[in-house]
4 protein chains.
Amino acid sequence: MSSPDSIAVVGVSGYTGFELAKLLLRHPAGSAATFYMRDTQGAHCLSELFPQLRGTNRAPVRQLSVENILASGAKTAFLATPHEASSELAPQLLDAGLKVIDLSGAFRFRDAAVFQSWYKLPAPHAAWLASAVYGLPEFYSAELVNAQLVANPGCYATSVILAVRPLAQAGLLESNSSVVADCKSGATGAGKELRRDLHFSELDENFKAYNLFSHRHTPEIVEQTGLADSQLTFTTHLLPIARGILSTIYVMLAEPQTPEAIEALYRKTYAGRPMVRIWKAGTLPEIQHVAHTNFADIGFTIDRSGRKLIIVSCLDNLGKGAAGQAVQNFNHLLKLEEHTGLQ
Amino acid sequence: MSSPDSIAVVGVSGYTGFELAKLLLRHPAGSAATFYMRDTQGAHCLSELFPQLRGTNRAPVRQLSVENILASGAKTAFLATPHEASSELAPQLLDAGLKVIDLSGAFRFRDAAVFQSWYKLPAPHAAWLASAVYGLPEFYSAELVNAQLVANPGCYATSVILAVRPLAQAGLLESNSSVVADCKSGATGAGKELRRDLHFSELDENFKAYNLFSHRHTPEIVEQTGLADSQLTFTTHLLPIARGILSTIYVMLAEPQTPEAIEALYRKTYAGRPMVRIWKAGTLPEIQHVAHTNFADIGFTIDRSGRKLIIVSCLDNLGKGAAGQAVQNFNHLLKLEEHTGLQ
Amino acid sequence: MSSPDSIAVVGVSGYTGFELAKLLLRHPAGSAATFYMRDTQGAHCLSELFPQLRGTNRAPVRQLSVENILASGAKTAFLATPHEASSELAPQLLDAGLKVIDLSGAFRFRDAAVFQSWYKLPAPHAAWLASAVYGLPEFYSAELVNAQLVANPGCYATSVILAVRPLAQAGLLESNSSVVADCKSGATGAGKELRRDLHFSELDENFKAYNLFSHRHTPEIVEQTGLADSQLTFTTHLLPIARGILSTIYVMLAEPQTPEAIEALYRKTYAGRPMVRIWKAGTLPEIQHVAHTNFADIGFTIDRSGRKLIIVSCLDNLGKGAAGQAVQNFNHLLKLEEHTGLQ
Amino acid sequence: MSSPDSIAVVGVSGYTGFELAKLLLRHPAGSAATFYMRDTQGAHCLSELFPQLRGTNRAPVRQLSVENILASGAKTAFLATPHEASSELAPQLLDAGLKVIDLSGAFRFRDAAVFQSWYKLPAPHAAWLASAVYGLPEFYSAELVNAQLVANPGCYATSVILAVRPLAQAGLLESNSSVVADCKSGATGAGKELRRDLHFSELDENFKAYNLFSHRHTPEIVEQTGLADSQLTFTTHLLPIARGILSTIYVMLAEPQTPEAIEALYRKTYAGRPMVRIWKAGTLPEIQHVAHTNFADIGFTIDRSGRKLIIVSCLDNLGKGAAGQAVQNFNHLLKLEEHTGLQ
């Protein structure tokens, strides 16, 4: 790959953007990346801002503006920005012909009303919503080939959808029974902005639930699994660790199933998908198995009745839950192998 | 309380026993405690074995034997021993007329078959099972007054029963719907014995589920809440912290309820019970609110339909989940205020 | 102690003030404490602001003003305030006849120039500097009896002074050799104000040195040990834990000493001082031995030459390093046993 | 690099060996690696033993025996084994003509008496001691070209030597003044064997010093810096984190120096050495800057007198402190760029 097309990466000051920068610096197409920030603090390359990066590749930094991005000749832009910023930036870049991989929630819904209801913002980009491809490549690889706009999924949503969608699509779920997704995430998932509950002395040795019945990843999960709104109970918790999500998911099956049948269903769904790993029936992944990787691991146990199924789904919220998945989507746009630069 | 009766405390080498020792050393009746160990390592008092205790009260240590305990004139014995040891020790002490507070699972079930099935051991102490009082003082204070044998509840079980039993007793639960108790505990709950998954470098930055459909606290919860076996789904997880349990409990109500009604039910159930704190509807306790205390905190949220209820129940696994609750039971035996020495 | 004199406690919103509140609520004289805050948020008692405290004693909260404190009839005031606030409040309370225990650095130096040079502030309270007693009760118990103003020592300073002063006073230190105090503290010592380096995801799994050659506890250590300025090298580090300080202190002895002689010196110095525990020569305390206590633990090792001495000094930065020591000083003012309410 | 020579890697069950495996699986020459274990548990490749590795390259596992290694045609062997095992294995492999990179302490000293005195073992391999190259490539790259046996340095030793040797070689140290190296390491440095002080509940929220005046890395540091035995004071501490070493090093300079001069000395020493990063005078690296990398970072501060110098040296104990450095040495043997596979 002698001279890769230029890439624009917006928003490296947060944890997701920084992870994306680190992944792209190791990616064969990443040498062509330029990093855009609102405030460059006079820096010319990322290693001036992040001492961790000194001695690795150079990574040019520029003042963020649509003009600067367009002038650079970039063919693809990653937006690791809040949904408010993405809502503004993406349409301008798309109109200029760039491909956009957006890591915020701004383009994850087909229906503008869903976005407005959960994000409390107008959806001026409604024209683009219909065309956005939900960037879960295990299910949308066909659509990704010609996508101009990719809406990278939420971290919790990825972990739940990968576990539940195969069961829902196969019609195995009892229809009038709740799916309970009890999810736990490390602190980088809550962002880099200073906050009382993220102060070290508050989170250390602590654990808590938050945003019950109100987390913004709820509508993504509903839309992508096909569950009814009322069928999903989705709860999030904050773990005193930096990275990783573990979701414990409780479903009631319409008919008794064997462990072998469930395992076979998952294996068939994810055959040829290197970033999802299915565990042997009765064995369960832990956060340590996926931290600092782009893997999503799925394990499960069924009770003796064959109808109660508990699935444990793990991923790294910055990896498969955000930046890693963005790179995986990028690989699809470039028609590279989907795990390029991710192992 | 000029000259308290002598107390025997067995098994201070584990985390629960050590916590019990610290609580008793601050308790008005604790100056009369003698601590029994299988291997005293030549020590005469606890501070020789635990430097943390140096400079506090003296706490005599003796070689464990039934003879030594009986010779000491002890009126009450705490057994912070594994259920195998408790099964052997308790009957001998009881036969000699002592009162026994047992912190293991040996005497928690009325039905010997339940014990045998979950603990894979014969129940030679069957004669004592019927007379044992389940040591959850919020529900058994009347029985505790004259109890000779108190079976101190499991840590997870306490956290789930306190949250679910009021709802079950009031007949609010939809009968054919699962109660899901997704519970998370700090590492002291897993004990002091060296184990691969408790090695610092393995648990640090990790989180995992364990013992799905098979945790030994399951039958306690079933028996004490009156749920059907098949109605309860109880799952346990290991948190990378030392102390604390947070249980997220999902129930479906038979009829829609208001938050006010649920809060009122909890407040009425625990009126006059100082160690259970009910949170205002819609607010949730965290582990930091109960760590290093004997409180159990209960908060909840209901969805708009009024039928989906999520309860968050927190306690310190060594406090209200074990040693603190044992002291609370002891206070009942002594007819002291139940929070004596626990604040 | 039927009707204790009224106490004013200023500044409970920080970690030190909150610890002080918890200690006073367990203290025999603490039932008479009123808590003053700049912003009471409409609360009438501490438990409305700190759910951890619900169900414990009531603890009245009032709007902070000198008038309110004077009107309350308080005889003693604790100031858990920054040095700027203490500089202003203390003189007014002292002039009105109250006794003041100040936990800031405002009154720790006899020489106003030292304060100005290190704290970059005028010392308008110079008139009070001379009369302030440095609140290290192991060395100033005689002065504390009649003190009106107590300057509670810094946390790091306490840990270093307790270890070095006995050696310096006995003339054992080689005069032209550095004393190196390499100190490590948990994050509550850095305060509750939100700060990038105290954000959970930044400090978790991290460790760093800070304020080399410039930490404000330096002049306290110099003044209280009698070391020459140039003789002390004092370095501070931030540990990814909540509580505790461990100081590793390197001294060169003028003449070879036996371990027994050093241990005897420490034991003699701290005879009858219950809050300092001397470890057997060659054994070393750890943070776990002092966390959540008011103890300072001192251990040491000497090399074969008998001239290189390494001392390990541990305490809880919120206990003996701040709030606990303030209560210890308070006990001296009240002529109570110095460990009252601290075990 | 079409068909790299075969590599044997011994001892992947520990943390160092596992890290080495992960590095080699990403290394261009690593596809030719075979992994040898005493007990393969019936596994044929690493991912059967380590679920983290599933979905990455295959990595064949074989029963450890010298015969198996020789039969494989391996040209190079890594020994991530305890020094007892390395002492036995290395000579047999060397005699058969393999190159050996040993990660234990068995071959780090020129003088067999030093080894015997610190490791309490005979040095039967004395014939090989003289020929072993100390694998600190920043100083021994010339010797590495033709080395048959590389003794990979200790983790603490690497961090101290990189900081002190340039000053010592330049004659800047005051000769009769101590060099104090106060070092702190994460728990993986203490190994994977279960141990009371490495049990999660013991190390969590704890911090301690250990092995004062007796750590086995002492003689390496003395030999490689040229300090006199009595001049070095080297102390180790255990941090409640998984990975990373931070050494705070105190030296007295013979003559006053400017910060610029010290920085220039370090920059000159490590010019062209990509794995050592020198920080601007007055700025200091933290563990987060080097964790999960092969970098060693060095920063420092000088006091106003220009004679007291404090150096902070950071690295990842599994990276530059062990497995990463072994790969760096391997690159020298292969005449690859020294950071190949390490960024």
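Predicted model, so just to flag it, every value in this text is computed and none were measured. Just so it is clear: chains get the letters A, B, ... in the order the sequence lines come, proteins before strands, and each one is counted from 1. No hydrogens, no waters, no symmetry mates; every other heavy atom, side chains included, goes into these values.
Distance check: B/Asp182 CG to A/Ile310 CD1 gives 8.5 Å after rounding to the nearest 0.5 Å. The distance from the CD1 atom of B/Ile311 to the CG atom of A/Leu212 is 11.0 Å, given to the nearest 0.5 Å. Here A/Phe207 contributes atom CZ and B/Ile287 contributes atom CD1; the two are 6.5 Å apart, rounded to the nearest 0.5 Å. A distance of 11.0 Å separates CG in A/Leu309 from OG1 in B/Thr233, rounded to the nearest 0.5 Å. With rounding to the nearest 0.5 Å, the separation of CG in B/Asn206 from SG in A/Cys314 is 8.5 Å.
Contact of A/Thr301 with chain B is made through backbone and side chain together, with heavy-atom distances under 4.5 Å. With a threshold of 4.5 angstrom between heavy atoms, B/Ala242 approaches chain A through its backbone and through its side chain. With a threshold of 4.5 angstrom between heavy atoms, A/Ser230 approaches chain B through N, CA, C or O but not through any side-chain atom.
Among A/Leu246, A/Leu203, A/Asp204, A/Ile302, the residue making the largest number of heavy-atom pairs under 4.5 Å with chain B is A/Leu246. The choice from A/Thr248, A/Val312, A/Leu284 that makes the most heavy-atom pairs within less than 4.5 Å of chain B is A/Thr248. Heavy-atom pairs under 4.5 Å with chain B peak, among A/Arg304, A/Glu202, A/Arg243, at A/Glu202.
The two residues B/Met252 and A/Ser178 make their nearest non-hydrogen contact at CE-OG, 3.8 Å.
Using a 4.5 Å cut-off on side-chain heavy atoms (C-beta onward), B/His237 and A/Leu239 make no contact.
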